[in-house]
Amino acid sequence: MTWSEMQPVLSQACWDTLYMVGWSTLIAIVAGLPLGILLVLTDKGGLLQNVVVNKAIGQIVNIARSMPFIILMVALMTFTRWITGTTIGREAAIVPLAIGAIPFFARLVEMSVREVDGGLVEAVQSMGGSTWKVVRSVLVPESLPSLISGATTTVIALIGYSAMAGTVGAGGLGDVAVRYGYQRFETGMMWITVAILAVVISLLQFAGDYAARSLHRRSGKTGGLLLFKPLRGIFPGTVATDAVKKS
């Protein structure tokens, strides 16, 4: 194939991949963030300690994470058809992509939130802060750099999943690699597809790392007072918040 023939095919494939990955990432973050936080809150010693709920959610997440994506995609075909009306195309691929990414991101969120200094949580609780205020003003802001890194990892994993979904009619770069690179022996198209995927993944990783490092450096400059910054909007007039204002 000449470049003029390859260009429209690759352009459409890139758009399809970005469309699938974009929507599935959004769904994974919206559903995975509260799920990961809930795993921390319901764990032993958590603010909403409930061992039964924690074990149940944990088992569901573990089972979903352990299932190979190609098997998950086949197992969800009936559900996918019920949601989208079809099992072929980029819209249909979003369903298994999102469901596969939710538990993956939830575990990354859990690990990030567990890194938050327990002293800040105790400080908010001692001042009468509710669980929601702890989550909104402490757990999420303090773990944000790590959450961004987790989101970056999830996006990169989804790009790999989307290429796999392309082999069964979902479209995107994976579909191009199989139809042209493998079935039609178009080696040039195959290597161009690989190069595009490598460039996209490298750019996403760079952007995610840069954002995480920027937030980390910004928080590091404030030293120990960062621990009390989330308290400013919750408990004005306390010793902690007065110290932050003076800084």
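Below, all heavy atoms of this structure are taken into account, side chains as well, without hydrogens, waters or symmetry copies. For this chain, numbers begin at 1 and follow the sequence in order.
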Quiz prompt | Over all atoms of both residues, closest heavy-atom pair of Trp15 and Arg90 | solution = NE1-NH1, 2.8 Å

Practice problem: Give, for atom CZ of Arg114 and atom CD1 of Ile37, the distance between the pair rounded to the nearest 0.5 Å. | Solution: 12.0 Å

Exercise. Give, for atom CD1 of Ile57 and atom CG of Asn62, the distance between the pair rounded to the nearest 0.5 Å.
Key: 11.5 Å

Quiz item: Are the side chain of Thr84 and the backbone N or O of Arg81 linked by a donor-acceptor pair below 3.5 Å?
Solution: no

Self-check item: Main-chain N/O of Gly45 paired to Gln49 side chain as donor or acceptor, under 3.5 Å
Solution: yes

Practice problem: Output the distance between atom CD1 (Ile196) and atom CD1 (Ile201), rounded to the nearest 0.5 Å. | Solution: 12.0 Å

Quiz item: What heavy-atom pair brings Thr17 and Gly172 nearest, and what distance separates the two atoms?
Solution: OG1-CA, 3.4 Å

Exercise. Group every Ile, Leu, Val, Met, Phe, Trp and Tyr by side-chain heavy-atom contacts under 4.5 Å, then state whether Met111 and Val116 land in the same group.
Key: no

Quiz item: Would you say Asp16 and Leu173 make side-chain contact, with heavy atoms under 4.5 Å?
Solution: no

Quiz prompt | Expected output: side-chain Arg107 to main-chain Gly58 donor-acceptor under 3.5 Å | solution = yes

Self-check item: ILVMFWY network linking Val30 to Ile102, side-chain heavy atoms under 4.5 angstrom
Solution: yes

Practice problem: May I ask you to check whether Ser143 and Ser112 show a side-chain donor-acceptor distance below 3.5 Å? | Solution: no

Self-check item: Set of residues satisfying ring-ring contact (aromatic ring centres under 6.0 Å, His included) with respect to Tyr161, sequence neighbours excluded
Solution: Phe69

Exercise. Could you state whether Met164 and Val95 fall into the same hydrophobic cluster, counting links through intermediate Ile, Leu, Val, Met, Phe, Trp or Tyr residues with side-chain heavy atoms under 4.5 angstrom apart?
Key: yes

Exercise. Search all heavy atoms of Pro96 against all heavy atoms of Thr80 and return the closest pair with its distance.
Key: CD-OG1, 3.9 Å

Quiz item: Relative to the ring of Phe79, is the ring of Trp82 parallel (under 30°), tilted (30 to 60°) or perpendicular (over 60°)?
Solution: tilted

Quiz item: Leu158 and Leu97: which non-hydrogen atoms are nearest, and at how many Å?
Solution: CD2-O, 3.5 Å

Quiz prompt | Verdict with reasoning, Gln205 to Thr152, per side chain to side chain contact (heavy atoms under 4.5 Å, CB included) | solution = CA-CA 6 Å; Gln205 187 67 64; Thr152 303; 4.0 Å; yes

Exercise. Determine the minimum heavy-atom distance between Ala101 and Thr154, stating which atoms define it.
Key: CB-CG2, 4.1 Å

Practice problem: State, yes or no, whether a side-chain contact exists between Val109 and Leu35 at a heavy-atom distance under 4.5 Å. | Solution: no

Quiz item: Do Glu110 and Phe105 pass the side chain to side chain contact (heavy atoms under 4.5 Å, CB included) test, and can you show the C-alpha distance, the side-chain angles, and the key distance before you say yes or no?
Solution: CA-CA 9 Å; Glu110 180 188 11; Phe105 184 63; over 6 Å; no

Quiz item: Could you go step by step and tell me if Leu47 and Val121 meet the side chain to side chain contact (heavy atoms under 4.5 Å, CB included) rule?
Solution: CA-CA 9 Å; Leu47 300 179; Val121 175; 4.2 Å; yes

Quiz prompt | Shortest non-hydrogen contact from Ala92 toward Thr87 | solution = CB-C, 3.6 Å

Quiz item: Between the main-chain N or O of Ile159 and the side-chain N or O of Ser162, is there a donor-acceptor pair closer than 3.5 Å?
Solution: yes

Quiz item: Is the backbone of Leu39 close enough, under 3.5 Å, to the side chain of Asn54 for a donor and an acceptor to pair up by distance?
Solution: yes

Practice problem: Answer with yes or no whether the hydrophobic clustering places Leu10 together with Met20; edges join I, L, V, M, F, W, Y residues whose side-chain heavy atoms lie under 4.5 Å apart. | Solution: yes

Exercise. Give the intermediate values and the outcome of side chain to side chain contact (heavy atoms under 4.5 Å, CB included) for residues Thr86 and Glu91.
Key: CA-CA 8 Å; Thr86 181; Glu91 284 77 14; 5.8 Å; no

Quiz item: Do Ile192 and Leu197 belong to the same hydrophobic cluster, where Ile, Leu, Val, Met, Phe, Trp and Tyr are linked whenever their side-chain heavy atoms lie under 4.5 Å apart, directly or via other members?
Solution: yes

Quiz prompt | Main-chain N/O of Ile94 paired to Ser24 side chain as donor or acceptor, under 3.5 Å | solution = no

Practice problem: Using modelled atom types only, decide if a donor and an acceptor are shared between the side chain of Ser137 and the backbone of Val134 within a distance under 3.5 Å. | Solution: no

Self-check item: Under 3.5 Å: donor-acceptor pair, side chain of Asp43, backbone of Gly46
Solution: no

Self-check item: Nearest-0.5 Å distance, CD of residue Glu142 to CG of residue Leu215
Solution: 11.5 Å

Exercise. Find out whether Ser202 and Val199 are in side-chain contact, i.e. whether some heavy atom of one side chain is under 4.5 Å from a heavy atom of the other.
Key: no

Practice problem: Kindly indicate whether the side chain of Asn50, heavy atoms from C-beta on, has any atom under 4.5 Å from the side chain of Leu41. | Solution: no

Quiz item: Does the side chain of Leu120 come within less than 4.5 Å of Leu139's, by heavy atoms?
Solution: no

